[in-house]
Amino acid sequence: MIRLNSISFGIIVRWGFIQLVVVSLVVFGKPELWKAMFIVIALNALGTYLIVDFIQKYKGVKLKLDDHPIDPTLQIANETLPFMRRGLNEETAQKTAEIILKISDVSAVAITDREKVLAYIGECSDHHKAGGPIITYSTMQAVATGELMIIKDKKGLNCPEKKCTLQAAVIAPMKCKGEVAGTVKLYQTSQGNLQPSVVKLAVAVAQLLGLQMELAELDRQTQLVTIAELDALHAQINPHFLFNTLNAIITYSRTHPETARRLLIRLASFFRQALKRHGHFNSVKEEIEYVNTYLILEKARFREKLRIKRDLDPSLFEYQVPVLTLQPLIENAIKHGVQPKVGTGTVEIKARLINGEMLFIISDDGVGISSDRMPKVILPGFGSGNGVGLSNVHERLKSLFGEDYGLRIMSEVNKGTSVYIRIPIQKAPRQKEVAAQ
C-alpha cells in the first residue's frame, strides 16, 4: 500500500493543479475529452510520487567499488602498467611482484627472464631470492617450450631447503612478440591441486605483462627512431659538417665553378632528403640514393684520400631497410677509420641476398679498433657524439627484428673494420616506390 508523506503529497497536489489548468484550457468546450484527460492526470500523479519517493529514499547514497569487487586481473593491469611499460628488469619485476602478491590470494610470487630470477616476494623469501639463475626444471621447460607448467608437490619445486613450506606452483610463460621473455610464478603453501582461479590468474597476468612489454618495446622503438632522426639532422646540419662541405665547395669555385655548382645542388638535395624522411623504413633504393649523396659531399672534402667501392645487388632495391641504417655506418668508417689513417683509405659497401635475408657489409681499410675498445663501440654515448652512433643502429635492429639481428663488428688494428648487418626481407610499399621516382 502506498503511503504519502507530506512532501510527496504537496508535490503531487501542485503538479496535479498545474496539469488541471493546462487541461482545462486544452479541452475547454470538448466534454468528450475530460474523462481521458483525468486518467492521464492520475497516472502522471502516480509517476511523480514514485520518482519523488525514490529520490528521497536514495538521496545521499553513493555506490562504492567495495560493494562490487573488481576482477584481480584488471586491478593488476591498472597498477602494473606504469612499471612494465618501462620494460622487464629487476626494478620493474620487483614492483610488479609486490602488486600481484598484494592483490591475489597466493603465498609467493616470482618473476624471471629467460635466465635468472628478477624478483621474488612472499613466503620463504629467506632462501628464495632474486638475482640467481633459474634452477627449477619446470621453469626451464616453460621458458624453452612456452607452455604452462603446474607443479603439485614440493619435489617438483626443486628447492634444496628442507624447511621450505612452498608446496605447489603454477608457472606461466610471458611472451613478447611471440617469443618467451620470462615467466610468472605463483606459489601456494598447501599441498595438492592449485585452485583453478590461481591458474587462470597466472595465465592472465602472464599475457597481460607480455602485452605490456610489447607496448614498452613499441615505445622504445619510437623513441629510438625519434632520437635517430634528431641526431641525424643535428649531424647533417651541425656547423662542422656544413663548414667543411662549404669550404670544399668554395675551393672548387675558384678553379672548377661547374663542380662547385653541382656540389651545392647535392648539398641542397642532401638536406632535402633528410628533412622529408618519415616512418621507420625506406626502400633500399632510397637509402642507397641518400648514401650516394652523402658520399659525393665527403669525396669533395677528402678528394683522393677517400676511395669508394660499391658491390650492390640491384634485386634488393625494392626491399625495405630501417631508416638511417647504412649512412651512420659509412660515416663512422670515414670518420674513425679512413680520416685518421696516413695515406689513402677505402670504404666498401656490399649488399647481398643470403638465405632469404639481406646482408650489408660496410668495411674500411683504416686504422681499426683496438681489442680494449671493441666491446664499447656499440654502447650508448660512446664515441665523438656526432651523428647517429653505432649503438643506436644496433639497438634499433635488435628491437625491430630480434636479438640475433644487431650489428656484428670485426676489426684489426691498422688493417681495418667490417660491420655486418642482416635484415629480413620486407618489400617496400608501392606508394613509397612511386614517391621515390
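Quick note: residue numbers are just sequence positions, from 1.
Residue pairs meeting the ring-ring contact (aromatic ring centres under 6.0 Å, His included) criterion with at least one member in residues 133-188, sequence neighbours excluded, are Y120-Y187. Listed by first and then second residue, the side-chain hydrogen bond (donor to acceptor under 3.5 Å, both in side chains) pairs that reach into residues 347-362 are D311-R352, E357-Y405, E357-R422, sequence neighbours excluded. Each side-chain hydrogen bond (donor to acceptor under 3.5 Å, both in side chains) pair with one or both residues in residues 122-135, not counting sequence neighbours, would appear here, but there are none.
With H394 contributing its side chain and L407 its backbone, the two residues share a donor-acceptor pair below 3.5 Å. Side chain of T259 to backbone of Y252: no donor-acceptor contact under 3.5 angstrom is found. Between the side chain of E287 and the backbone N or O of T325, at least one donor-acceptor pair lies under 3.5 Å. Panel note: side chain K185, backbone A172; no donor-acceptor pair is recorded below 3.5 Å.
Residues passing the salt bridge (charged side-chain N to carboxylate O under 4.0 Å, His left out) test with K341 are D365, sequence neighbours excluded. S371 meets the side-chain hydrogen bond (donor to acceptor under 3.5 Å, both in side chains) test with no other residue; sequence neighbours excluded. The salt bridge (charged side-chain N to carboxylate O under 4.0 Å, His left out) test applied to E412 returns K415, not counting sequence neighbours. Every side-chain hydrogen bond (donor to acceptor under 3.5 Å, both in side chains) that S411 has, sequence neighbours left out, goes to T417. Taking Q167 as the reference, nothing meets the side-chain hydrogen bond (donor to acceptor under 3.5 Å, both in side chains) condition, with sequence neighbours excluded. Applying the salt bridge (charged side-chain N to carboxylate O under 4.0 Å, His left out) test to E161 and every residue at least two apart in sequence or in another chain returns nothing. Under the salt bridge (charged side-chain N to carboxylate O under 4.0 Å, His left out) criterion, R408 pairs with no residue, sequence neighbours left out. By the side-chain hydrogen bond (donor to acceptor under 3.5 Å, both in side chains) test, D404 pairs with no residue at all, sequence neighbours left out. Qualifying side-chain contact (heavy atoms from CB on, under 4.5 Å) partners for M358, counting only residues two or more places apart in sequence or in other chains: V284, L316, Y319, V321, F360, I423, I425.
Ion pairing between R114 and E179 fails under the 4.0 Å rule for side-chain N and carboxylate O.
Checked by atom type, the side-chain pair E98/Q94 shows a donor-acceptor distance below 3.5 Å.
Annotation: M410, atom CE; neighbour count of heavy atoms from other residues, nucleotides and ligands within 6.0 Å does not exceed 12. Shown here is E258, whose CD atom has more than 12 heavy atoms of other residues, nucleotides or ligands within 6.0 Å.
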- Message: What verdict does the side chain to side chain contact (heavy atoms under 4.5 Å, CB included) test give for L186 and V109, after you've listed the backbone C-alpha separation in whole Å, the side-chain angles of each residue and the deciding distance to 0.1 Å?
- Response: CA-CA 5 Å; L186 305 183; V109 177; 3.9 Å; yes
Derivation of the side chain to side chain contact (heavy atoms under 4.5 Å, CB included) call for V393 and L324
CA-CA 8 Å; V393 179; L324 298 169; over 6 Å; no
**Request:** Show your reasoning for whether side chain to side chain contact (heavy atoms under 4.5 Å, CB included) applies to H336 and L390.
**Result:** CA-CA 12 Å; H336 300 293; L390 296 182; over 6 Å; no
Q. So R310 and N292, side chain to side chain contact (heavy atoms under 4.5 Å, CB included) or not? Walk me through it.
A. CA-CA 10 Å; R310 298 174 180 84; N292 286 340; 3.0 Å; yes
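Applying side chain to side chain contact (heavy atoms under 4.5 Å, CB included) to S138 and the options V170, T183, I151 leaves one that passes, I151. A side chain to side chain contact (heavy atoms under 4.5 Å, CB included) with Y294 holds for exactly one of E331, E289, K299; it is E331.
Atom OG1 in T139 sits 3.5 Å away from atom CD1 in I171 (nearest 0.5 Å).
Side chains of R303 and T251 form a contact here, defined as non-hydrogen atoms less than 4.5 Å apart.
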